[in-house]
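Single-structure report; data block below.
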Amino acid sequence: MIITKQKALPEDFLWGASTSAYQVEGANLSHGKGPSIQDIKKVPEGTSELDVCADFYHHYKEDIALMGEMGFKTFRFSIAWSRILPEGAGAVNQEGIDFYSNVIDECLKQGIEPLVTMFHFDLPAALEKKGGWSRRESVDEFVNFAKILYENYGDRVKYWLTINEQNMLTLVGEMIGTCNLEGVANKYKKLYQENHHMLLAQAKAMKLCHDMLPNAKIGPAPNISLVYPASCKPKDILAAQNFNAIRNWMYLDMAVFGKYNNLVWKFLEEHDALPDIEEGDMEIMAAAHPDFIGFNYYSTATVEWDNGEVREAVFENQQSGGSEPGVFRNFANPNLPHTEFGWEIDPDGFRATMREIYSRYHLPMIVTENGLGAYDKLTEDGKIHDSYRIEYLRRHIEQIKLAVSEGVEMMGYCPWSAIDLISTHEGMVKRYGFIYVNRDEFDLKDMARYRKDSFYWYKKVIETNGADLSD
Ligand code: BGP
């Protein structure tokens with residue numbers, strides 16, 4: 001639809017940006033923090049360890065002040081489970097409780113609403129050693145962690161996100177360093193059993209949030225990318241439906257309706273991988289409801305029919321989520337440009353994704369990640385000319401405005417990332433922030449903060465509530 005009459009964004013639109021604990025904080029094995037699976041994994045070759053990152057642990061006041069200067073209405077950050085509970089359960093680390101309490105206070109001082117992710121790829125290593133999410137106990141362990149967060153921060157935090165990209169944990173966990181499938185006989189059985197426990201943990205945490213904090217709002221934060229068919233061949237349409245169900249809808253159907261998606265159920269049955277479900281699980285999930293949907297969007301995915309022959313996938317990355325013989329096969333969309341790191345760029349697909357989520361679930365939505373990773377360069381006079389990032393963000397914000405004009409309820413926009421941090425698997429040199437951190441992959445330099453061109457641009461965007469997107 002070509003829109004000539006645009007609606008303004010809601011006045012209380014939550015402009016902000018995101019980070020995650022293990023990628024931004026540093027101080028990963030100090031101040032009482034226990035190791036998480038991120039701290040014990042082997043980092044990808046040529047990339048930095050996660051011991052310093054952007055050193056947000058020591059710079060949070062300065063960083064949040066810069067966010068305040070940009071006019072942020074919200075800041076999405078995650079709480080490291082093993083900073084609060086070094087062993088994942090049991091003794092609480094008071095220093096960890098105090099750290100996030102200070103971060104929250106600092107946000108409020110700047111007029112910034114904290115948006116807290118409870119779990120972002122960093123399961124405590126002590127729990128992983130015992131079997132992690134594959135054990136039934138993991139459900140109560142997560143709920144216990146959630147309860148501690150509500151008790152300590154519920155007086156100040158109104159917006160909560162449960163699990164970051166649970167779908168990516170299930171689909172490409174090996175790629176993001178959160179699971180090891182070596183020697184596992186039926187990977188689907190293992191992954192979807194873990195997934196079931198996470199879904200149940202999420203449902204219980206949402207219910208507990210509503211019981212303990214009646215004024216708070218809580219939602220999931222999967223990575224949702226509409227899946228296109230490679231052509232209008234009917235079989236390609238079926239393949240796109242398959243992958244849409246496996247990649248996207250299963251997670252939201254479960255969070256919102258408490259129902260397993262029928263296509264995914266069949267897929268699991270075909271692989272002898274139906275999860276063990278205990279009596280009462282489905283009732284718990286059906287009774288829990290999110291108040292909104294948070295979702296990360298980087299680009300769409302495209303698939304074609306796969307007749308089951310084993311062939312090499314032509315295109316695969318963190319976003320694509322792999323190929324499944326007989327179900328779908330990834331396809332490189334020839335219509336889309338790429339970032340320097342090979343990720344597709346698709347602002348129209350962003351609007352298509354917002355429309356589709358809204359038409360399925362009719363809940364308000366907040367974008368919890370979206371952004372462009374690039375090799376930014378600091379000039380001699382302390383500038384970072386990241387016009388490519390401005391262009392990327394502008395084109396995505398335009399689509400939010402169009403979606404809102406079409407009646408989609410959007411609550412906010414939190415691009416990735418507020419500040420430069422360590423990429424999930426491509427190191428420090430893949431930068432996403434509005435704020436530049438002066439360090440290289442291995443040389444920590446002085447860690448000074450610089451405002452990128454996108455910093456000033458985003459400030460104006462926020463000031464005008466998205467009306468002025470010009471340079
Ligand atoms: C998402 C994760 C983030 C972040 C982002 C960018 O999947 O939730 O933690 O890393 O992707 O990815 P990358 O760092 O690989 O460029």
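Values reported hereafter were calculated over all heavy atoms of this structure, with side chains retained and with hydrogens, waters and symmetry mates removed. Order of listing sets the numbers, starting from 1, for every ligand and every atom in it.
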ask   = What atoms in ligand 1 come closer than 4.0 Å to a heavy atom of N296?
value = 8 (O)
Residue selection (non-hydrogen contact nearest atom 12 (O) of ligand 1) among W343, F341, W416 = W343
task = Check whether any N or O atom of Y432, backbone or side chain, sits under 3.5 Å from an N or O atom of ligand 1, and answer yes or no.
result = yes
request  = Applying ring-ring contact (aromatic ring centres under 6.0 Å, His included), run through F142 and W81 and close with a yes or a no.
outcome  = CA-CA 9 Å; F142 182 74; W81 186 339; 5.7 Å; yes
query = Taking the six-membered ring of Y436 as reference, does the NZ or CZ atom of R449 fall below 6.0 Å from its centre and within a 45° cone about the axis?
reply = no
task = Please say whether the positively charged group of K430, taken as NZ for Lys or CZ for Arg, lies over the ring of F341, i.e. under 6.0 angstrom from the six-membered ring centre and within 45 degrees of the axis.
result = yes
ask   = Has the side chain of R439 got a donor or acceptor atom that lies under 3.5 Å from a matching backbone atom of A448?
value = no
message = I want to know if ligand 1 touches N223 in the polar sense, i.e. an N/O pair below 3.5 angstrom.
response = no
note = Note: ligand 1 atoms sitting under 4.0 Å from heavy atoms of N164 are 8 (O)
query = Side chain or backbone of I176 under 4.0 Å from ligand 1, or both, or neither, by non-hydrogen atoms?
reply = neither
task = Answer yes when D253 and R360 have at least one side-chain N-carboxylate O distance shorter than 4.0 Å, and no when they do not.
result = yes
query = Against heavy atoms of Q23, which atoms of ligand 1 measure under 4.0 Å?
reply = 3 (C), 4 (C), 9 (O), 10 (O)
ask   = Does ligand 1 have an atom under 4.0 Å from some heavy atom of M168?
value = no
ask   = Do the ring centers of Y57 and F99 come within less than 6.0 Å of each other?
value = yes
message = Taking the ring centre of each residue, are Y450 and F455 less than 6.0 Å apart?
response = no
request  = Identify which of S417, G427, S423 has a heavy atom lying nearest to atom 13 (P) of ligand 1.
outcome  = S423
request  = Flag H120 as yes when one of its N or O atoms lies below 3.5 Å from any N or O atom of ligand 1, and as no otherwise.
outcome  = yes
remark   = atom 1 (C) of ligand 1: of E426, H425, E369, the nearest heavy atom sits on E369
